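The structure presented is a predicted model; accordingly, all values stated were derived computationally and were not measured.
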Amino acid sequence: MIECVASYDLWIWHSFFGPPGSNNDVNVLQQSSLFQNERNGSVPDSSFSVNGHDYKRSYYLTDGIYLRWVAFVKAYPHLVGQYEKKFKRLQEAASNDVERAFGVLKEKWKILDRPLQLWTKKKIKKVVATCTILHNMIIKDNRRAISPVHIMDPPVPRVYNPEANRKITDENMHHRLRYDPTAHVSTLDLSFLDDPAMQPPSVASLI
């Protein structure tokens, strides 16, 4: 199983391989290094304001299986109002970026689309990392990268910070963080989602 963070230009900012395929997304997250800065309380300042409230951390759009953490804006399991339906459409459009990134990886590097059971974990990890690096190099060379210069974050030691963990797992803040973007999106014109000319290129055209 591969954990991946990608932006709409298909640039892969983070990838993690290791847990066997029987793990679900939450178990993979607990083993990866993605939230070490969050747990240590050393997360970079990425402050923003929405719907009259200030937030200090960025967030990830996720599906319903993820925990009620401040770092996650989960999809609505049951749509009630037009605001929620509108937000879900925009969230689905954003989540397609990761799916497209995986699609391009598998189509461009066929080795990732084949059974790898006979390989060692160490060898699979090297292959995944190599394909990811080549993928980003091609995006940079094609001048499609939003930020072609990427500064690697220094390694973060595993440190338990009780105060940082308390803030991450604040369910009230989690629910407010989901409500505020929903209210903000309700004021936007999302007609571009129905315009074929505004849709991202297909995976086939990016190979």
Side-chain angles (χ1 to χ4, degrees), residues 1-44 46 57-67 69 71-74 94-161 164-165 168 200-207:
M1 181 177 286
I2 303 174
E3 174 190 77
C4 176
V5 176
S7 49
Y8 74 84
D9 59 350
L10 304 189
W11 183 277
I12 297 178
W13 296 92
H14 164 84
S15 66
F16 169 69
F17 167 81
S22 59
N23 280 270
N24 60 31
D25 293 344
V26 174
N27 292 335
V28 172
L29 179 67
Q30 297 287 1
Q31 299 177 60
S32 79
S33 60
L34 183 60
F35 284 97
Q36 287 305 309
N37 282 330
E38 295 275 1
R39 297 189 182 99
N40 293 347
S42 58
V43 62
S46 53
R57 297 178 176 86
S58 57
Y59 59 85
Y60 296 88
L61 299 175
T62 65
D63 55 28
I65 193 175
Y66 282 82
L67 303 172
W69 287 3
F72 301 140
V73 173
K74 300 168 61 174
S95 64
N96 285 339
D97 295 332
V98 176
E99 299 299 330
R100 290 172 62 242
F102 275 124
V104 171
L105 270 176
K106 291 196 299 181
E107 288 297 322
K108 190 179 291 291
W109 316 110
K110 293 294 186 180
I111 194 171
L112 298 178
D113 203 25
R114 298 172 182 170
L116 304 177
Q117 291 93 334
L118 299 180
W119 290 15
T120 63
K121 179 179 173 181
K122 184 176 181 180
K123 186 173 183 179
I124 297 174
K125 185 175 182 179
K126 288 182 178 180
V127 170
V128 172
T130 300
C131 292
T132 301
I133 292 170
L134 292 173
H135 168 85
N136 281 351
M137 289 175 63
I138 292 173
I139 290 178
K140 180 179 178 181
D141 188 60
N142 292 340
R143 302 181 183 277
R144 292 192 290 109
I146 302 172
S147 178
V149 178
H150 177 53
I151 300 175
M152 184 66 67
D153 295 328
V156 179
R158 292 180 178 271
V159 178
Y160 179 75
N161 185 322
N165 278 268
I168 294 172
S202 65
V203 170
S205 67
L206 298 171
I207 304 303

On a heavy-atom basis, the closest approach of Leu10 and His135 is O-NE2, 2.7 Å
Heavy-atom closest pair, residues Val73 and Tyr59: CG2-CD1, 3.3 Å
Which value, rounded to the nearest 0.5 Å, describes the distance between Leu134 atom CG and Leu105 atom CG? 10.0 Å
If you count heavy atoms of other groups shown closer than 6.0 angstrom to NZ of Lys106, is the number above 12? no
Measuring from atom OG1 of Thr132 to atom CG of Leu112, what distance do you get when rounded to the nearest 0.5 angstrom? 7.5 Å
Trp11 and Trp13 aromatic ring geometry - parallel, tilted or perpendicular at 30°/60° bounds: tilted
